[in-house]
Student: 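Sharing a structure here in structure tokens format.
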Amino acid sequence: MKEKTVPITTEFIKLDALLKFAGVTETGGEAKQAIQDGEVQVNGEVCTMRGKKLRPGDRVEHSGVRIVVV
């Protein structure tokens with residue numbers, strides 16, 4: 001599994017924005033669809049909330065890529 005670290009300078013980043021920002025999905029719409037379809041895991045559990053607030057230390061997995069928020 002490929003792993004990416006994504007540094008944030010704010011308190012949190014929303015799940016759909018993270019997927020797009022990290023380049024795992026090409027568009028926000030693609031991110032929204034993947035989340036709604038249950039294809040995204042946050043900290044090991046399927047998450048269907050696209051507005052889920054992610055903070056440093058959270059891990060997101062989608063399409064064989066693990067994103068670590070730092």
Side-chain angles (χ1 to χ4, degrees):
M1 178 172 288
K2 186 176 174 183
E3 186 165 303
K4 291 184 171 189
T5 57
V6 175
I8 60 171
T9 56
T10 55
E11 180 186 347
F12 63 85
I13 185 170
K14 291 186 178 179
L15 179 56
D16 57 350
L18 176 70
L19 291 174
K20 184 178 173 189
F21 181 69
V24 177
T25 59
E26 291 186 21
T27 65
E30 189 179 317
K32 176 183 172 183
Q33 193 63 51
I35 295 165
Q36 286 179 336
D37 291 347
E39 299 172 4
V40 180
Q41 289 188 353
V42 176
N43 297 325
E45 295 183 12
V46 173
C47 180
T48 56
M49 300 182 304
R50 69 179 191 179
K52 171 87 172 153
K53 295 178 181 177
L54 303 169
R55 293 176 168 80
D58 285 333
R59 297 178 183 275
V60 175
E61 292 182 20
H62 175 60
S63 297
V65 179
R66 176 181 294 131
I67 306 163
V68 180
V69 182
V70 293

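Here the structure is a predicted model, which means the values were calculated and not measured.
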Student: Which pair of heavy atoms, one from I67 and one from L19, lies closest together, and at what distance?
Tutor: CD1-CD2, 4.0 Å

Student: Looking at E26, I'd like to know if its CD atom is crowded, meaning that more than 12 non-hydrogen atoms belonging to other residues, nucleotides or ligands lie closer than 6.0 Å.
Tutor: no

Student: Give the intermediate values and the outcome of side-chain contact (heavy atoms from CB on, under 4.5 Å) for residues L15 and M49.
Tutor: CA-CA 8 Å; L15 179 56; M49 300 182 304; over 6 Å; no

Student: Working to the nearest 0.5 angstrom, can you tell me the gap between S63 OG and M1 CE?
Tutor: 9.5 Å

Student: Is there a path of hydrophobic side-chain contacts, each under 4.5 Å between heavy atoms, that joins V68 and V24?
Tutor: no

Student: Which pair of heavy atoms, one from Q36 and one from T48, lies closest together, and at what distance?
Tutor: O-CG2, 4.4 Å

Student: Flag yes if V40 and F21 sit in one hydrophobic cluster, no otherwise; membership is Ile, Leu, Val, Met, Phe, Trp, Tyr, and two members link when side-chain heavy atoms are under 4.5 Å apart.
Tutor: yes

Student: With rounding to the nearest 0.5 Å, note down the distance linking NZ in K14 to NZ in K20.
Tutor: 14.0 Å

Student: Who pairs with E45 by side chain to side chain donor-acceptor pair (under 3.5 Å), at least two apart in sequence or on another chain?
Tutor: none

Student: Yes or no on side-chain contact (heavy atoms from CB on, under 4.5 Å) for T25 and H62, after CA distance, side-chain angles and deciding distance?
Tutor: CA-CA 9 Å; T25 59; H62 175 60; 4.2 Å; yes

Student: Provide the closest heavy-atom pair for K53 versus D58 in the form atom of the first, atom of the second, distance.
Tutor: O-OD2, 4.2 Å

Student: Check each of V70, V6, I8 against P56 using the side chain to side chain contact (heavy atoms under 4.5 Å, CB included) test, and report the only one that passes.
Tutor: I8

Student: Supply the atom-to-atom distance I35 CD1 to Q41 CD, rounded to the nearest 0.5 angstrom.
Tutor: 13.0 Å

Student: Honestly curious: do V69 and V65 fall in one hydrophobic cluster under the side-chain, below-4.5 Å linking rule?
Tutor: yes

Student: Out of E30, K52, R50, which one pairs with D16 under the side chain to side chain contact (heavy atoms under 4.5 Å, CB included) rule?
Tutor: R50

